[in-house]
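Below is one structure; the comments refer to it alone.
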Amino acid sequence: MNAVAWPAPLLFALQENRLAALDGLVRGLWLGGLTNAQGSVEARLAALAELRAALLAGELPPFEGWRWPPPAIARGLAEAMRALDLARYCRDEGELTDTVLMSLLFHVDFIVDYLDRGADEATAVAMAVDAFAADWQERCGDMDELADVFGMIPDDAKSTRWDRIRGLLRSEGWQEVMRIRRLLERLPELADLIRRLGRAAETDEPDEAGRVTELVTEEAIAHRAERSTVRVPDMPGETRGIHRADRVARMLPAEAMLLGHPRLRLVWHARRAERTLLCYEDDDRMQEIRRHEEVVQRPTPRPQPRKRLEMGPMLLCVDTSGSMRGGAEAVAKAAVLEAVRTAHAQKRACHVFSFGGPGEIVGMTLPVDADGIGRLARFLGQAFRGGTDVCAPIEAALAKLEEGRWQQADLVIMSDGEFGATPEVAARLRSMCDERGLRVQGVLVGDRETIGFLEVADDIFWVRDWRRYGGVDTESPLDSNSLTARFFPGALRTQANRDATISGATASLAVRAGRHRGDPQTENST
């Protein structure tokens, strides 16, 4: 049975059609679009949809084409938005565009209040436009600051949650962030090092530190054996027919009969001399192997540099001891800020451990939102004055690396090198490097590498002129940061040094036995 086709309901259709433009607007604009005091609802909703699409495209349409608000108001708003270049900020930023339109609705709705307070219409419109412009003039300046520091506008600055970070941008901590940001422009090598951290993606750049055996196809000379059959005439093997020859052993019996006749024997001798005796034709086939050279493509295993890995999460350990005060402190803070900038721009995870003496360790995840900017400002605004215990942050970082999210992370240690890890912690770190591929990057903001730093870091980046960032216009008095490795190589706990090290008891027994270095060790000696 076919269903009955009922006529479409028309009772609310006419009213609902007036609100069809709501389908093109985000829900946040619905209330302001429906209840504003200026203009009719149909024109207002259609105008909001058109303005939103134009702003997302980075354009501001001429006010003559606006369906809403009335031309006197639209002219002022368009001029204010053009002066602030709001369309540039709104390009491809849906949340920020919605916030601009909600602000526009909010200030236009106040015109009625200004009229009620006694202002004429022109003055009321001017007051609303000025309030809108003042609101966004301050905010555009703040967004420019945020974009300058973090490379892009944080999400919180695009939404109605803007007030959460407005206060942060007026704090002393933020002024320190701006100072460190300007400092970063003088440390391009440090910024490049931060960007190259991580092991999540393979690059085209070779990594000379690591090699892997790969099959390389190359030309080579190969000796190839070729079998062939060679015919050997007159070699007993197979009788193929009769031919004329002088072989007595293979002549036909008819020729032998000639020898028994007194006259025909001369004929036989003549035929033999002329090699025309009728003989059986014999030959044989032999297999011959010939070897010859030819050029072939042969895969050959060769050690090749690995492709360098980068991207992925970052773990930073920042030394906040008193010896880091001054220029070293500024460089360490700049490295943290650059790590946060890089993580935000490339959607990477970043965790910072700031450490001082025993028990003085603070772990911070620093996303670029109101909470993260607040923590970053407080960290950059604090003074370094603690002790130095590098074991705790290394153990915390190793625990972090056990989590799946951080397994592709590199570890960065920023310090002046005045520390020393215990043998157990250094061994655990080496084990993680060998088994999991962890890379430990050191950033030395001091004058020389120390034994402690050399033991825990795979590579050390030396900020030679760190004093300049603390207000002292001089470079390091040393021409090399490798003084410890150069003059005290035996002090390093390398594998060779560990193998060559003996205990005190063993050394004492050897002295009492009168043995010298290199003497063969007997079974009774220890």
Quick check: closest heavy atoms across [X] and [Y], and the distance to 0.1 Å?
X: Ala78; Y: Leu60; value: O-CD2, 3.5 Å
X: Leu438; Y: Asp458; value: O-OD2, 3.8 Å
X: Leu51; Y: Pro61; value: CD2-CG, 4.0 Å
X: Phe384; Y: Ala332; value: CE2-CB, 4.1 Å
X: Ala339; Y: Ile194; value: CA-CG2, 3.6 Å

Margin query: To the closest 0.5 Å, what do you measure between CD (Glu395) and OG1 (Thr422)?
Written below: 7.0 Å

Notebook entry, point to check: Distance from Asp319 atom CG to Thr388 atom OG1, nearest 0.5 Å?
Noted result: 4.5 Å

Note to self: Could you check whether Gln346 and Thr342, counting side-chain N and O atoms only, form a donor-acceptor pair closer than 3.5 Å?
What the structure shows: no

Notebook entry, point to check: Where does the angle between the aromatic ring planes of Trp136 and Phe132 fall among parallel (under 30°), tilted (30 to 60°) and perpendicular (over 60°)?
Noted result: tilted

Notebook entry, point to check: Are any non-hydrogen side-chain atoms of Leu337 and Val149 less than 4.5 angstrom apart?
Noted result: yes

Margin query: Can a donor-acceptor pair be found, under 3.5 Å and without considering hydrogens, that links the side chain of Arg467 to the backbone of Gly326?
Written below: no

Margin query: Using side chain to side chain contact (heavy atoms under 4.5 Å, CB included), reason through Phe379 and Leu366 one step at a time and then give a plain yes or no.
Written below: CA-CA 10 Å; Phe379 171 75; Leu366 299 174; 5.8 Å; no

Margin query: Check this for me: Leu34, atom CG, are more than 12 non-hydrogen atoms of other residues, nucleotides or ligands nearer than 6.0 Å?
Written below: yes

